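Take a look at the structure below.
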Amino acid sequence: MAAGGGPDVFLVSVSGEIESGQFPGLDELYCKFCFVYGQDWVPTAGLEEGISQIACRSDAAAAALVWNLPLDITFKSTNPWGWPQIVLSVYGPDVFGHDVVRGYGAVHVPIEPGRHIRTLPMFVPESTSRLQKFTSWFTGRRPEFTDPRVVAQGEGREVTRVRSQGFVTISFNVVTKDMTKLGYEVTPSDMESHSMSVTEGIHNY
Amino acid sequence: MAAAAPRGLPPVPSASRTGFAEFSVRERMREKLKAARSKAESTFLQEDSSPRPRRLKSIREKKTQGRLDKESDKDEFREMQEDESHISSKVKFRDSTKKAKQKPPIQNDFPSAEEAYKFFTFDFDSEAERKKTGIKKRNELNHEEEEAEEEDAETHEEGQEEDETDEDVHLVKDDDLFILEQEAQDILVEKPAEYESYSEQLRKEKEFLFIPSMKAVPASQKMPENMQPRFLEDEGLYTGERPFVSPSNLNILENRILRQERGKEWFGDDGKILALPNPIKQSLTRPPIFSLEEGIEPELETLYRKAIKVTAANQYLVGSGDFQGPFQLDIDISGLIFTHHPCFSREHVLAAKLAQLYDQYLARKQKNLTTLLTDKLHALRNAVQCSIEGGDAAAPKPIAQQSIPEYKMEIRQTRRLRDAEQEKDRTLLKAIIKVWKEMKSLRDFQKFTNTPMKLYLRKEEVDQRLDEKAYEAEIQDEINELLEEYREEYEKKMEEYKAELQEWKSWKRAQKSKKKKKKKDLREEEESIDESDLGEEPVKPVPPKMVNSLEIEQQVREKVDSFRRKPGEPVLIPELVLSGSITPSELCPRAEVLRREDVKKRSSFIKVLFNSKEVSRTVTRPISSDFRVHFGQIFNLQIFNWPESLKLQIYETTGISSTTLLAELFLPVPETTVLTGSAPIEEIEFSSNQRVMLDHEGVGSGVSFSFEADGSNKMTLMTSGKVSNSVSWAVGEKGVPLIPPVAQQNTGIASALKSIDAIASIGTSGLTDMKKLAKWAAETKLDPNDPNNAALMQLITVATSGEARVPDFFRLEQLQQEFNFVTDEELDRSKRFRLLQLRNAEVAEFRNYKEVPLHEREISEKIFQDYEKRLRERDVVDSKHYLDARRAVVANYLQKVRESVINRFLVAKHHFLLSDLVNEEEIPSLGILGLGIFKLAEPKRPLKPRRKERKKVTAQNLSDGDIKLLVNIIRAYDIPVRKAVSKLQQPSKHSRSFNEMFTASPSAQSPGENIDWVLNQVLVRPFVEVSFQRTVCRTTTAEGPNPNWNEELELPFRAPNGDYSSHSLQSVKDEVFINLFDEVLYDVGEDDHERGSGIHTRVERHWLGCVKIPFTTIYFQARIDGTFKVDIPPVLLGYSKEKNLGNDRGYDSVRNLSEGSYITLFITIEPQLIPGESVREKMNEMLKKFDTQEDEKLLQAAEKYEAECTSKFPSRQCLTTVIDLSGKSVFITRYIKPLNPPQELLDAHPNSSQITAELVARYVALIPFLPDSVSFAGICDLWSTSDQFLHLLAGDEEEHAVLLCNYFLGMGKKAWLIIGNAIPEGATAYVLTLEQNQYAIWNPSTGCFYGQFDTFCPLKNVYCLISCDNIWFNIQEYDSPVRINFDTSKAKLWKSFFSRSSPYPGLSSIQPEELIYQPSDKAAVVELQGRIEKILKEKIMEWRPRHLTRWNRYCTSTLRHFLPLLEQNRGKDVEDDHQAELQKQLGDYRVSGFPIHMPFSEVGPLIEAVHSTGVHTIDIPSVEFALAVYVHAYPQNVLSVWVYVASLVRNR
């Protein structure tokens, strides 16, 4: 910390949960998550990676697999570049009982403080040929990303072909600290002025 | 119907209660019905056939009664007529029953329901009609038609009723009751169905239909009246072939057209429809394209074009690369003078006129033509005079005589010229005076003065008499000359006259005689004849008049008076001065004040445009009151483009903002001889057609004004002026003119000459500026009719007409300015931004920089220091860190090459393949599936277990400690054994010859001879210590010279910086040291009494040898499995190389072949890492795309060849092109060329070619080894040529092999380069030579050679052979050198690149003609030797921090003597008497030590080598050390370093 002035890092605290997934026709899935962030970010508390229980489809709620896997992580950073992203990968057994990947997805942690719900479209890489597709289906070794983190980056994606498969809903509760002090405005101006007027109103009262 | 009634209707009693009253009606009705019955009978029968379905339908419809009315009306109408009638009848009936029910009180119970039904059914029509008309009028039309149909139905219904019951009579009654019948009858109209006969129909149709007939139209109809069809073709005109239309269609068309108004216009003179000739051509006009290659569309086929280096376009001075220095044009703009300006007052106009006239006057005066001509005249006159006089004196010279008239002629001309000039002078003077007078009067009139101009007329008094005399003389001369002239003329005329007169006289005479004859004839006739004669009579010639001299004098005087100064009149010399005073503004009238203020507001500047681009502009200077602007600026233009045009634009600014372009003027590009300093100032005039009108005294420009009060004599002036400037070529510092070379200048001139090309002369940018273009077209007088210019002219006309307006400017990112939130400079200054940028660019220092601070203040300057230092020192050679200045240069160079390669690599790293991103299982091939099935049958525990393939791990999720290096030490052979100190050494083995090696003869020594040796043998207790990354592991101690350990050692591996990515692993430079030690136990019991109680032994270890394997080799090979030769020093003090062993004879031959110790190892990495092959391949792919100078065909052939080879033998590497140091692909054979080895080596053993060859190989091996994979991060093989290699003094196997091969070729041997696989290097290059019909394989990096059948040859696989003119790929079944045939002439065994079908094109080598060796600097070598020794001694002391290190000087000096001998013998076959000699010198010491031999590159490896021997580890208190270094220098600074280390322990 600099002796004189204000803060030299800002903090972003994310809590929330990976609520549920919609994967029609699939069952008994579990999901893994990890955070991908830039070089200027450091996680200060919480879990960077996690894996959920295996969720079975409920009879009541149509086709929703509920994980309710809590997220809780705090980052400190000096640079908004490389804002953290959560990367999800969902796995589950196929017809033969092999554990195969059922979807990858990524989304940025919302920059605005508050509660946010995000629905992530999930996708899986496609086989390079029909024959490959058949053999991979048969052997249960379907194409996977070498590293799930690639879905959080743009580089090299042009060589891949993917197919969409299901959705996952995540809720985030984001709290930031010192962002405004360091000159980063993340809330829309109208919202801010609104809140300002409220506080002013309180003062006037 | 009857059946339907009970169902569909409410139940009604069918009892008949008919009243009386009804009878009569009933009777009537019956009559009626009877008549109708017969009629209806027939129809009823027909109808009865299908009643049911109809009824069903009707019942159904009743359910939806509510809407039935409408539906039935609408829909049913479309159905059958009968059907409809039924439905509607029932509906109607229902309605009426309802009504009936409502009426019972009146009618009692008379009409039963049934009756009502009958009635209603009978009467429905009228009912319906009424309802329909009443309720629903909208369907009226339909009903009308319905009606007619229902009429028929009605009768039929009646018939039905009759059949069913008798009670129809009631109906009549009902009718009466309702009184409906009458009305219904009235409305009902009976009508026969309308029928139109066919013929009628046709007739009607004919009225509005037209069917064109198919008959041919007679020609007369098609033609205008009274015209006969012409047949153009018959008349010989070309008509062309008409497109084919079938005659019937044609006829139809013609008929159709003729029906139209003015249809005849469609027919031509020949009576046929006008038609263009058939446009379809019968034959192909475009030639068909035939593809060369199959499967590719011919249109899409690609053609190869060799890339052409574009030579610099004409307009550029500077070609690519050869920059010849700056060229500079100096443009001096000194000032601007307006000769007219809108702000000129009238006085100014006059002043300008006056100035102009005065300037003319001055110019004339300078030329002084009048005096010149006068002098000439005098001279000519004198000449004539002389010649005449001379003619009198001497004999008449014909030439002089002849020349006189010429002179005279000239005199006349000169005089005329002089007169003209004099007249001009005179008029000019007059004009000056006139203007001055006007000006004076103007000044008087306006009562103020604007200009400082004053004209003085200086009078030059002349001597009246002299002047008069001269004047008179002049006149006289002139008169004389004129007289003479006239006289001559007179004479000429006179002669003519005489001739004519003669003629006339003779004619007259003839006439007179005629007259006399005819006098007596008829008068009348005569007269008439006379008259006619008179008419023909020639005029009597008039004699020419002699001119009067007086007259002439008169003429001359008049003429002279008019334009010559009168005698005595003073000579007037006008003199214009600017000394006059200008009336100050206060005294001026208002208009004038306004004008002056306006002038003050105005200023002007000049833009300098070079090739239509503004390069600079002058400062803005105000226009002074005398309309002069002084700039006095010199612009130095450093030019890169050819000067095509130099232009000045004069701008005038009024007030603050408005700037107007006054004029443009072009400056000529100076000649090359015009240099700064010598260039004269030139004045270039300009004028503008701008029209300016001012509201003050200023006269404006383009506006007419007058000096006269009445406004007559108007004049109009345009703004004009002069710019004084000079353009010249600059002179450089050393006086060198900065002019582009003349050769190019010529092309420049040429381009200027062909300026008729618009683009060349005004540039492409000019084309967008239409005004400029039009102007240019006008300026160059472009021929608008020239077809070449057609496009241009069209463009100009279109553009100038105003439709297409091109904006004056073009901005690329027009909003960029708005988005810049800080200026670029500020952004550059920001440290944080810089840090982020550098990190993004992946600069090595910042690549993994974490957490860039948020605030500028937190970033210290230190961060950049290293980086900046590196940038600075890139080019500075720092010799401090190197022992040798040369090495520093080389290291610097290598560093640069490395950087450039790494940069390329970084680019390649960002290029992803699918396999980088997605893990996908390979499709299992049939073979694999088959093997899988076999595996099921395999025994669980096979007798000969094989190593299984392990799962490969991508080096991504790894961290420290995950990777281990597994080293399996299996066994060793033939380790040196200790020898008793006293033991005499047997004579050393004599040097081998090639023959001996190849024949593998058994040792000359038989075991029997050495029995005592065996008995006396001292055991050796060897163990192996493996050190890697300073981690050390050792095996247990085994015994004997052929120990068997079979132990696995595990060493952890740490990647540099914790970066386990494949490219980082590839650049690991660490080596695995496998050291072989002898463990020696010494009893240290001091006293005898201690021995009894315990055994105190000291363990010492003596280094015997080592094997070094670079980590990268293990990484790339995945595992290393084999037997390696242990690098054992030539001399091991206290040890002897055991040559034979009695107890295992079987290995004798093998051992003798090999001569050395061997160790069997298995090394691998756990888990197995996938080497970054993909990156490597990608890189190679990329490098292939780098430019090459090879012929494209050759490259294609190479690619094809490689593909063919690899398809057959995928494991064998085929090399055709390699990449040289500059990154270009080079065909591999270009590297092979005979080269001369250093003469010194050749001279050393002149009589033994074998020793020379070995010496040369050793020389090559002494060049330090630097694997590409280390220096270039395993990316690619870069091949340097031999001279580069010798210059760099570092290279890998390829370079060594190429050099050695070239040397052998240079020595006259047959040599090839082998591309193959060896242990432990992996893919490598060796050299093959043919020696006395035997093949020898040379390892270029050790200098050793092996016979083809040597089992210990490290070369394991041979892939291809390369000579200077061909490549042979091994297509034999085996690739082990032992099993293959090296005879390349056999096409079945070796596939050659160049064959008879595609012969060797004679590729030039890239190697130099000859290698030049610099002798090494002996003094430097001695110094180096001292330094190394000092460093090593310091290091040893450093490694023994807790012990005192003593140096034994005697021993050191002794050792130093041994070293040169060792070098001389190339490390082999040394007299093994070091031990004895040392013993002699030192006395009772136990000495253990050895010489280490290394090529020299840096000190680091030396230190490492010494350290790895562990000499320093001895910690006996009394130990002493000895260390000697010897450096032997070979040519070209190839240094061989010997380090002799020994430890001495005093024996007690």
Side-chain angles (χ1 to χ4, degrees), chain A residues 1-10 37-42 75-82 101 104 124-151 153-162 178-179 181-184, chain B residues 821-822 830-833 835-843 846-860 906-926 928-929 932 951-958 1060-1062 1170 1172 1174-1175 1178:
Chain A
M1 284 274 167
D8 50 10
V9 289
F10 61 85
Y37 41 83
Q39 283 170 307
D40 300 321
W41 291 73
V42 180
F75 293 100
K76 74 170 183 187
S77 171
T78 59
N79 194 350
W81 178 78
V101 68
Y104 293 102
V124 284
E126 276 279 51
S127 297
T128 44
S129 66
R130 293 247 168 134
L131 183 58
Q132 288 270 29
K133 195 168 182 170
F134 173 73
T135 50
S136 64
W137 172 80
F138 190 73
T139 56
R141 321 190 98 184
R142 303 195 184 183
E144 290 183 19
F145 285 120
T146 49
D147 184 358
R149 280 161 228 266
V150 299
V151 303
Q153 70 197 29
E155 210 172 38
R157 288 281 285 281
E158 72 276 8
V159 300
T160 62
R161 302 288 177 272
V162 298
D178 292 340
M179 290 276 284
K181 273 188 200 163
L182 291 167
Y184 297 115
Chain B
F821 57 95
V822 285
S830 162
K831 278 184 279 182
R832 181 164 191 259
F833 184 68
L835 196 59
L836 290 172
Q837 266 186 327
L838 288 171
R839 183 174 71 179
N840 191 44
E842 301 198 32
V843 173
F846 306 101
R847 199 176 302 156
N848 291 317
Y849 195 87
K850 299 250 162 77
E851 286 196 81
V852 174
L854 237 171
H855 300 293
E856 191 91 330
R857 58 170 189 270
E858 290 163 32
I859 301 169
S860 68
L906 282 178
V907 173
K909 211 181 79 180
H910 287 278
H911 174 80
F912 285 89
L913 295 178
L914 181 67
S915 57
D916 298 335
L917 285 176
V918 178
N919 267 344
E920 195 172 25
E921 289 282 313
E922 296 272 315
I923 304 175
S925 66
L926 273 179
I928 292 171
L929 284 174
K951 199 190 170 217
K952 288 186 180 178
V953 174
T954 42
Q956 258 169 352
N957 313 319
L958 297 168
Y1060 284 86
S1061 60
S1062 56
I1170 298 172
S1174 63
V1175 172
K1178 267 192 288 182

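Sequence lines set the chain letters: A, B, ... in the order given, protein chains first and strands last, and positions in each chain run from 1. Source: prediction; values computed, not measured.
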query = Under a 4.5 Å heavy-atom cut-off, does chain B meet the side chain of A:Ser136, its backbone, both or neither?
reply = neither
task = Taking all heavy atoms of B:Glu920 and all of A:Glu126, pick out the closest pair and write down the distance.
result = OE2-O, 4.5 Å
query = Below 4.5 Å, heavy atoms only, C-beta onward: do A:Leu182 and B:His855 meet side chain to side chain?
reply = yes
Over all atoms of both residues, closest heavy-atom pair of A:Thr78 and B:Arg832 = O-NH2, 2.8 Å
inquiry  = Using heavy-atom distances under 4.5 Å, tell me whether A:Arg142 contacts chain B through its side chain, its backbone, both, or neither.
reply    = backbone
inquiry  = Could you work out, with side-chain contact (heavy atoms from CB on, under 4.5 Å) as the rule, every residue matching B:Pro853, not counting sequence neighbours?
reply    = B:Leu835, B:Tyr849, B:Glu858, B:Ile859
ask   = Any side-chain heavy atom of B:Leu836 sitting closer than 4.5 Å to one from A:Asp40?
value = yes
ask   = Side chain, backbone, both or neither: which part of A:Phe138 has an atom under 4.5 Å from a heavy atom of chain B?
value = neither
